[in-house]
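Working notes, beginning with the structure itself.
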Amino acid sequence: MSRIGKLPISIPSGVTVNFDEKANVISVKGPKGELSQDINESIKVKIEDGKVIFEVDENSPVNYKQKQAFHGLYRSLVNNMVVGVSEGFKKTMELVGVGYRVSNQGNIIELSLGYTHPIFIQVPSEVKVETKSERNQNPILTLESCDKQLLGLICAKIRSFRMPEPYKGKGILFQGEVIRRKSGKTAAAK
């Protein structure tokens, strides 16, 4: 069995977890939202004493290594769902570069990243967007959601518009991220 899959998930107060055995779907509901996840039939789910426990079904036709992989995977996914609906997830991105700007109107983000045109991106309603621009500071974009997968996907999409580059350090960075800088051609020629 998977080392991660053996760990039970404790359910915090205010969060309800339901498992539909016929459809193999687990749903988690809390103060920040509601999420659901399909579970492979080779994994058994038990909800008892305020904990969610995952076990491998030894009789399923799936091979042993795949069962181990599913065991840890579904435990991690459900744990992220429980943390998401109780506490939520937050990502902060910083735009580093001359003339880079970000603003939002509701869930539409407008990015000015040095291209000839502004970039507009529509964010799903499950994600809360907040932008901050101060004089002599890099613009900051903050995204919050209960769904960790969706939040990561949106952050990756926004980051893909201007990936951080190692020569000048410009681009869209996660707050606190350090870019390893390279010396240019002139430094190598000396």
Do [X] and [Y] touch side chain to side chain, with heavy atoms closer than 4.5 Å?
X	Y	value
Phe89	Val83	yes
Val28	Thr16	no
Val82	Ile11	no
Ile154	Ile109	no
Leu141	Thr92	no
Lys170	Pro164	no
Leu111	Leu95	yes
Phe174	Lys91	yes

When rounded to the nearest 0.5 angstrom, what is the spacing between [atom1] in [X] and [atom2] in [Y]?
X	Y	atom1	atom2	value
Lys29	Ser36	NZ	OG	12.5 Å
Asp38	Leu77	CG	CG	11.0 Å
Lys185	Tyr167	NZ	OH	10.0 Å
Glu130	Lys90	CD	NZ	6.5 Å
Met163	Ile179	CE	CD1	8.5 Å
Ile9	Ser76	CD1	OG	8.0 Å

What are the two closest non-hydrogen atoms of [X] and [Y], and how far apart are they?
X	Y	value
Pro8	Ile53	CB-CG1, 4.1 Å
Met93	Cys155	CE-O, 3.5 Å
Gly33	Cys146	CA-SG, 4.3 Å
Asn24	Phe19	OD1-CZ, 3.7 Å
Val62	Lys67	O-CE, 2.9 Å
Pro31	Gly14	CD-O, 3.6 Å

Path from [X] to [Y] over hydrophobic side-chain contacts below 4.5 Å:
X	Y	result
Val123	Leu35	no
Leu150	Ile26	no
Val85	Ile39	yes
Val96	Ile140	no
Leu153	Leu73	no

Near Gln122 CD, under 6.0 Å, is it more than 12 heavy atoms from other residues, nucleotides or ligands?
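Above 12, so yes.
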
More than 12 heavy atoms from other groups under 6.0 Å of CD on Glu48
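Yes, because the 6.0 Å sphere around CD of Glu48 holds more than 12 heavy atoms from other groups.
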
Residue pair Glu94 / Asn138, side-chain donor-acceptor N/O under 3.5 Å:
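Glu94 vs Asn138: donor-acceptor pair found between side chains.
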
Verify the distance criterion only: is there a donor paired with an acceptor across the side chains of Asn104 and Thr131 at less than 3.5 Å?
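There is such a pair between these side chains.
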
Give me each pair satisfying side chain to side chain donor-acceptor pair (under 3.5 Å) with a member in residues 141-160, each pair once, sequence neighbours excluded.
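Sorted result for residues 141-160: Arg159-Glu177.
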
Can you tell me if [X] uses its side chain to pair, donor with acceptor, with the backbone of [Y] under 3.5 Å?
X	Y	answer
Arg162	Leu113	yes
Arg101	Ser112	no
Arg75	Lys6	no
Asn107	Pro124	yes
His71	Phe54	yes
Asn40	Ser42	yes
Tyr115	Phe161	yes

List for me each residue that meets ring-ring contact (aromatic ring centres under 6.0 Å, His included) alongside Phe70, sequence neighbours excluded, and say none if there are none.
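ring-ring contact (aromatic ring centres under 6.0 Å, His included) check on Phe70 returns Tyr74.
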
Given side-chain contact (heavy atoms from CB on, under 4.5 Å), test Glu55 with Lys46 step by step and report yes or no.
CA-CA 8 Å; Glu55 294 177 351; Lys46 291 182 187 173; 3.3 Å; yes

